[in-house]
Amino acid sequence: MKTFVALALGAALVAAGAAPSHAADIRVGFTLDALTLDPANHRKRETQTILRNLYDGLLTRDAKMNVVPELAESIRQIDATTYEFKLRKGVKFHNGDPMTAEDVKFSFDRLTKENAMGGQTSPRKSLLGPLKDTVVVDSHTVRMVLSASWPILPAMLPFQEVVSKKFVEANGSDALATMVNGTGPFKLVEWRKGDAVIMERFNDYYGGAAAIPPVGKACVDRVIFKVIPENASRVAALLSGDVDIVNELPAHTVKQVEANANTRVMSVRGTRSFYLALNTKTAPLNDLRVRQALAHAIDKKLLIDRILGGHATAINAILSPDAFAFDASLSGYAHDAERAKKLLADAGFKDGIDLTLDTEGAQKETAEAIAAVARRGGFRIRVVVSEGSQLQTKWLTKKEAGAGEMFFSSWGNGSLDPYDIFDPTHMSGARGNSSGYSNPALDKLLTDGAAELDQAKRAALYKQAQAIIARDVPYVYLWVPADLYGVSKRLSGWKPSADSRINLHDACVK
């Protein structure tokens with residue numbers, strides 16, 4: 001395990017002083033409001049994006065997805081199950097209290113201990129795997145003790161933030177839902193639920209990760225996350241100059257944004273894999289030949305070019321090309337409509353087959369395009385649109401046999417480690433296993449891969465796992481889209497990150 005040591009950078013601090021007119025504001029047109037302001041009580045990327053401007057973590061990632069120290073000064077692995085963190089000195093919470101090892105222990109106990117959040121257990125507990133205890137060594141040293149070997153702990157820590165023990169004990173755990181006392185570059189001014197999250201620069205900020213220059217206070221006076229769910233409204237706000245960044249820029253608007261004199265498009269390959277979950281428990285998709293036929297019937301290249309404007313990368317298994325242990329040599333199912341028809345005939349469907357495909361409203365157009373393409377391979381697919389909560393219950397909570405046939409869905413992999421996406425979607429009975437797939441041989445490979453310290457051996461285990469799922473086709477693996485952003489040309493110092501974070505510490509405006 002590498003030791004991450006903070007670089008001693010003599011970076012000048014940004015001059016203090018807020019402009020009364022708030023000329024130095026950054027306004028983000030954002031798809032979704034935060035679910036909560038409590039960093040331990042959600043499992044939503046959009047909420048994480050907002051909170052990561054208010055709170056910092058022990059470790060973070062740079063724009064190239066490298067893990068680097070943030071509130072930690074260094075990390076070292078003592079043995080297979082123990083990691084030690086030296087904390088920065090001089091870090092303050094927004095109310096002026098110093099951050100110490102007690103705050104770190106309190107934060108991670110709150111994340112991992114049963115009923116530690118005022119009687120509630122954190123929904124983020126599973127993101128820390130076998131973390132058993134966080135031990136205070138001294139005021140600026142903590143050790144994390146695991147119950148089993150888990151080499152990806154550093155990769156998972158950028159998802160977790162540190163809260164103030166004193167603040168939570170004084171105000172109660174529930175208070176963090178609406179109150180913020182973090183160590184991040186911005187502090188909360190106001191949360192107008194459903195409308196905007198308004199932040200202002202924290203002038204006593206310690207400077208942020210030393211490995212991500214410039215180090216110092218935020219460049220701008222204020223940041224406003226303006227909630228604009230509708231794509232057209234979000235793009236219009238960018239083009240009119242009302243916002244400086246919009247996320248989830250629709251592919252069909254790229255040319256329009258690029259043609260505007262004051263805006264540009266920025267992109268990065270994302271970390272979310274899209275797929276069709278196939279109900280492997282009941283007929284007809286419990287027949288491997290039918291699943292193989294569907295994989296052959298779908299022309300991924302055509303769909304990426306026509307629907308996604310070319311802004312996606314096709315995949316043959318669950319992992320992104322940027323993920324650890326990705327197998328570039330893995331052969332998928334080439335588009336072959338005649339081969340699809342032959343497989344269907346062999347399975348007893350010489351006249352084709354009728355299926356239903358569940359999807360959310362936001363993905364309706366893509367789901368219908370998939371259905372249209374698959375028709376040439378003998379599949380007559382009816383697209384059924386439902387709300388996300390209904391689909392969650394149908395495909396992930398109840399997992400009732402026969403409740404559905406196909407589900408157009410996706411799973412994020414912000415750590416770019418197989419554990420973070422392979423286990424929840426393919427392990428028998430796992431919370432994200434919407435296909436109902438179960439294979440003991442795969443389960444063993446994933447279990448061994450999560451604990452293996454030798455990186456070469458670990459990669460080999462995950463490559464075997466990829467070969468198994470490519471053969472068994474519990475999902476039709478589709479693509480990893482690029483994350484597209486519309487950006488004002490008055491903005492500088494910001495780059496999109498593959499984990500979907502919008503880190504505005506270093507962003508400036510003219």
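Everything numeric in this text was worked out from a predicted model, so none of it was measured.
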Give a yes or no on whether a salt bridge exists between [X] and [Y], defined as a side-chain N under 4.0 angstrom from a carboxylate O.
X: K341; Y: E338; value: yes
X: K193; Y: D33; value: no
X: R61; Y: E70; value: no
X: R382; Y: D354; value: no
X: K86; Y: E73; value: no
X: D133; Y: K113; value: yes
X: R289; Y: D287; value: yes
X: D454; Y: R458; value: no

For a quick check under 3.5 Å, do [X] and [Y] share a side-chain donor-acceptor pair by atom type?
X: T31; Y: N247; value: yes
X: N433; Y: S435; value: yes
X: D499; Y: S497; value: yes
X: T280; Y: N286; value: no
X: R501; Y: T49; value: no
X: R124; Y: T112; value: no
X: T134; Y: R143; value: no
X: Q466; Y: R471; value: no

### Task
Specify whether Y477 and Y475 have parallel, tilted or perpendicular ring planes, treating 30° as the upper limit for parallel and 60° as the lower limit for perpendicular.
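Answer is tilted, since the angle falls between 30° and 60°.
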### Message
Using every non-hydrogen atom in the two residues, find where P284 and E405 come nearest and quote the distance to one decimal.
### Response
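Answer, listing the atom of P284 first, then E405: CD-OE2, 4.0 Å.
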Please answer whether the main-chain N or O of [Y] pairs with a side-chain N or O of [X] as donor and acceptor at a distance below 3.5 Å.
X: D483; Y: V268; result: no
X: R43; Y: P123; result: yes
X: T121; Y: N115; result: yes
X: T141; Y: V137; result: no

### Task
Please collect all side chain to side chain donor-acceptor pair (under 3.5 Å) contacts where either partner lies in residues 364-378, sequence neighbours excluded, each pair once.
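Of all non-adjacent pairs touching residues 364-378, those that pass side chain to side chain donor-acceptor pair (under 3.5 Å) are K364-E368.
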